[in-house]
Structures are given as structure tokens and as C-alpha cells.
Amino acid sequence: MEQKLRVGILGATGMVGQRFIALLDQHPWYEVVTVAASPRSAGKTYEEAVGDRWKMETPMPESVKKLVVLDVNRIEEVAQTVDFVFSAVDMSKEEIKKIEEAYAQTETPVVSNNSAHRWTKDVPMVIPEINSSHFELIEAQKQRLQTTRGFIAVKPNCSIQSYTPCLAAWKEFEPEEVIATTYQAISGAGKTFADWPEMVENIIPFIGGEEEKSEEEPLRVLGTVKKGEVEKAALPKISCQCVRVPVLNGHTAAVFVRFKKKPTKEELIDRLVHFEGFPQEAKLPSAPGQFIQYLEDENRPQVKADVDYEKGMGVSVGRLREDSVYDFKFIGLSHNTVRGAAGGAVLCAEALTAKGYIGRK
């Protein structure tokens, strides 16, 4: 790409906004030129607005420190400075729907980390290795919004990233039933241990809305586009429990699967390690070289050892074995704020750019 695309971050001061900033530093295709947040942050430099709330492991990039934060509600002002935006705004679902559509209607593509539009029928919800074909929904969405280049695309919930890729890799064996328990990191709630001391040496057996998302969103990702909307996959039926655990980054899932066509363990592992999609074919900048790794050690995957696999963009699987009730069971691990949040959205944007949906205004 001869000239980098100009990127804006909506909700730039929050944890996911910060992760976007960190991931996009020195990106070969994109340059963050605009940061937008709530009116209380507007007018300050990004460094001043974030203050001591920078939560990333790496230092704040010098390139954004002196950017003046714009009011995210001043849509035209923000939109005229960028080619597209990433959305990580902290608002009610209805407010998010409204503001993301308003940005799209300025002819600014919106790649969103938020959940508000995940079930809007003409908005693609994409894990690029699995269902990048769903981007074709954008044409129907543009007709509804009456735009020529503005649209919204979203990534799915962080909780499904550690097992849905496995179900996609095993599609030929027709998974019928899935039982999953996810053990979710506190960064998924935008927290660190410093600001959530109650989580030290504790688990909380409830995360609002996560179980419903974990059961339903994989079926949309695994579905097919028909007549301008996604027809959900009928199977597998998924039942999930979601638990908050004292881990900073990394969602782990313990999963049981029943198949219509019984595979061997060797076949399942083979499909995992050879599974790839459009990001690998197109060699997108943020794409993991190998999307899913299988670990033979019975003590893996572990958060400390494996959460940063492929710079946090890969999925780690282990302990695949036959089960006495279901056919097989396994453990999956993914990085919830990289693959599961900002990194997944960046990969979506790269796929959209490669497919011609995002370009210079």
C-alpha cells in the first residue's frame, strides 16, 4: 500500500481503545490520525485524557500522545479526518447502534468491537478465517443506509474465540451438540487487578449476557448468507456456562462435543492444525501464520505459556481425548483483548481492505 489509510478510534481512552492504539502502532497499512472519546476527554491530548489509566503492557506510542481528543458525538468533525474508524465506544446498546449508523452514513466504514449490531440482519459478524464471505451482506446494508462506501462490520464476542474455530475446522464431521464452560479473564470486563482487587483469589460464576452470546453467536458465524441476511446454522446445539477467573488476559474453554459422523482423534488434530482461511491466503498483516496450534503436553494450553501464541492472534488447543458421555472433549485458549477484541477487529479491517470494501475517501 503506497499511502497508509487514515484511521480513527471511537472510544479511544478505554481498554479496548487502548488495545487498538497499541496494535496499530507501526501498522503497514493504517495510521491512527484521530482519537475520539466522551465530551469529558475532548480537547485534551490523548496522553492527558488517559492519564494513569494506560493499561497496555507496552508504552503508549509517541505518535498518539499529542493527538487532541475529539468529541465522539461530533460525528461530521471526526469523519472528515479519516478513511474509516474502529468503534469501541462505551454507551448503551441503542446509543451504539445510532452512533455507528450515523458514522456509516457519513460514508465512513465502521469496524466495531461492540455487540450492538451483531444481530442486525445486514451487518456481517465475522471471524475472518471462518466466514469472511459474510462481508457480502454489506451491499444490502448500503442499500438500507443509502450509502456508497459507508457500512458497519462487527467481530463476535471474545468468549467464543477459543472453541468456535475448532467447530469450523471440524465441519465435515457435523458437530451436533456442544457443552462449553469458559473461564474468562478480567480484562474482558475492562479491568486490571489494581482496579478490581475483589478478583484476586476469587472466581465469579456469572458474567452478564455472556452465556447467551456464547451459545448463539457461533451459530451466526457458522451460518450461510441467503437473501441479504444470515441463516443461522441449525447445529450444533450449544450450552455454555461463563465464569470470571483471576487471570488478566486469556479466555480458556473446557468443551465437550458430539458429532454426527464420528472422527478419530488424529483426524480432528489434523483438521485443526491445517485450518486456514482468507487471512492466511491473502497474507494479511495481522493474520497468524498458523491459526490453531495443537499442544500434545497434557498440561497445555496454559495462559502464561500460550496466550500470546501468534502475537495473541492464534488459538491454542490441547487435551483432546475421547469422552465417556460425549464423543470428544478438549481445552481451548484465546487472547480475549487481541484475537477476541481489538486484534480481531483489525484483522476484519484488513480483510475488508483486501476485498476492496475499505479504501481512501
Side-chain angles (χ1 to χ4, degrees), residues 1-91 99-100 103 108-114 186-196 248-249 285-286 308 311-313 335-350 353 358 360-361:
M1 189 169 294
E2 291 181 10
Q3 192 173 11
K4 291 186 179 184
L5 298 180
R6 302 166 300 160
V7 177
I9 312 294
L10 312 182
T13 58
M15 179 176 272
V16 175
Q18 292 178 24
R19 181 66 75 181
F20 275 121
I21 297 278
L23 289 174
L24 292 169
D25 186 35
Q26 305 300 317
H27 193 282
W29 292 3
Y30 307 140
E31 179 183 4
V32 177
V33 299
T34 299
V35 288
S38 66
R40 67 177 177 273
S41 295
K44 301 175 182 176
T45 66
Y46 185 71
E47 188 175 29
E48 290 168 343
V50 172
D52 61 0
R53 295 180 297 111
W54 181 255
K55 297 180 179 182
M56 298 299 103
E57 302 86 353
T58 54
M60 182 184 292
E62 292 295 327
S63 59
V64 300
K65 284 184 177 180
K66 302 307 177 188
L67 291 179
V68 176
V69 179
L70 301 184
D71 182 346
V72 73
N73 299 300
R74 299 184 67 165
I75 295 164
E76 291 285 350
E77 181 183 349
V78 175
Q80 69 183 0
T81 67
V82 299
D83 295 310
F84 76 99
V85 296
F86 290 108
S87 177
V89 291
D90 183 12
M91 299 176 175
I99 199 168
E100 290 184 348
Y103 271 95
T108 304
V110 178
V111 182
S112 180
N113 182 72
N114 297 307
I186 64 172
S187 58
K191 304 286 189 181
T192 65
F193 288 111
D195 48 35
W196 201 2
L248 180 59
N249 294 310
S286 299
D308 291 320
K311 298 181 179 178
M313 289 296 290
H335 197 305
N336 57 295
T337 67
V338 181
R339 168 57 75 163
V346 170
L347 190 61
C348 279
E350 292 172 356
T353 302
I358 291 177
R360 292 201 70 81
K361 274 187 177 177

Check whether any side-chain heavy atom of [X] sits under 4.5 Å from a side-chain heavy atom of [Y], and report yes or no.
| X | Y | answer |
| --- | --- | --- |
| R6 | R360 | yes |
| V78 | V72 | no |
| L24 | I9 | yes |
| V32 | S63 | no |
| L347 | R339 | yes |

Taking atom [atom1] of [X] as the centre, report whether more than 12 heavy atoms of other residues, nucleotides or ligands fall under 6.0 Å from it.
| X | atom1 | answer |
| --- | --- | --- |
| K311 | NZ | no |
| Q26 | CD | no |
| D71 | CG | yes |
| R74 | CZ | no |

If you compare all heavy atoms of [X] against all heavy atoms of [Y], which two are closest, and at what distance to 0.1 Å?
| X | Y | value |
| --- | --- | --- |
| T58 | A22 | OG1-CB, 4.1 Å |
| T108 | A79 | OG1-CB, 3.5 Å |
| S87 | F20 | O-CE1, 4.5 Å |
| S187 | N336 | OG-ND2, 2.9 Å |
| A189 | W196 | CB-CZ3, 3.9 Å |
| A49 | T13 | CB-CG2, 4.1 Å |

S41: partners by side-chain hydrogen bond (donor to acceptor under 3.5 Å, both in side chains), with sequence neighbours left out: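 With sequence neighbours excluded, S41 shows a side-chain hydrogen bond (donor to acceptor under 3.5 Å, both in side chains) to no residue whatsoever.
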Gap separating the [atom1] atom of [X] from the [atom2] atom of [Y], nearest 0.5 angstrom:
| X | Y | atom1 | atom2 | answer |
| --- | --- | --- | --- | --- |
| M91 | L10 | CE | CG | 8.5 Å |
| M313 | D308 | CE | CG | 12.5 Å |
| M15 | T337 | CE | OG1 | 7.0 Å |

Has the side chain of E100 got a donor or acceptor atom that lies under 3.5 Å from a matching backbone atom of S112?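 No, E100 side chain to S112 backbone: no donor-acceptor pair under 3.5 Å.
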Donor-acceptor contact present, side-chain E47 to main-chain M60, <3.5 Å: no
Is the ring pair Y30/F86 parallel, tilted or perpendicular, if the boundaries are 30 and 60 degrees?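 Plane angle over 60°, so perpendicular.
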For the residue pair W29 and H27, categorise the inter-ring angle as parallel (less than 30°), tilted (30 to 60°) or perpendicular (more than 60°). perpendicular
Do V7 and F84 pass the side chain to side chain contact (heavy atoms under 4.5 Å, CB included) test, and can you show the C-alpha distance, the side-chain angles, and the key distance before you say yes or no? CA-CA 5 Å; V7 177; F84 76 99; 3.5 Å; yes
Go through it in stages, so that I can follow the logic: the residues are I21 and M56, the test is side chain to side chain contact (heavy atoms under 4.5 Å, CB included), and I'd like the CA-CA distance, side-chain angles, deciding distance and then a yes or no. CA-CA 10 Å; I21 297 278; M56 298 299 103; over 6 Å; no
Begin with the C-alpha distance, continue with both residues' side-chain angles, and end with the deciding distance and a verdict on side chain to side chain contact (heavy atoms under 4.5 Å, CB included) for T45 and K65. CA-CA 7 Å; T45 66; K65 284 184 177 180; over 6 Å; no
Tell me yes or no: between the side chains of T81 and T34, is some donor less than 3.5 Å from an acceptor?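 Their side chains do contain a donor-acceptor pair, which is all the 3.5 Å distance test asks for.
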Mind running side chain to side chain contact (heavy atoms under 4.5 Å, CB included) on L248 and K55 for me, showing each step along the way? CA-CA 11 Å; L248 180 59; K55 297 180 179 182; over 6 Å; no
Residues K361 and D83 bridged, charged N to O under 4.0 Å: no
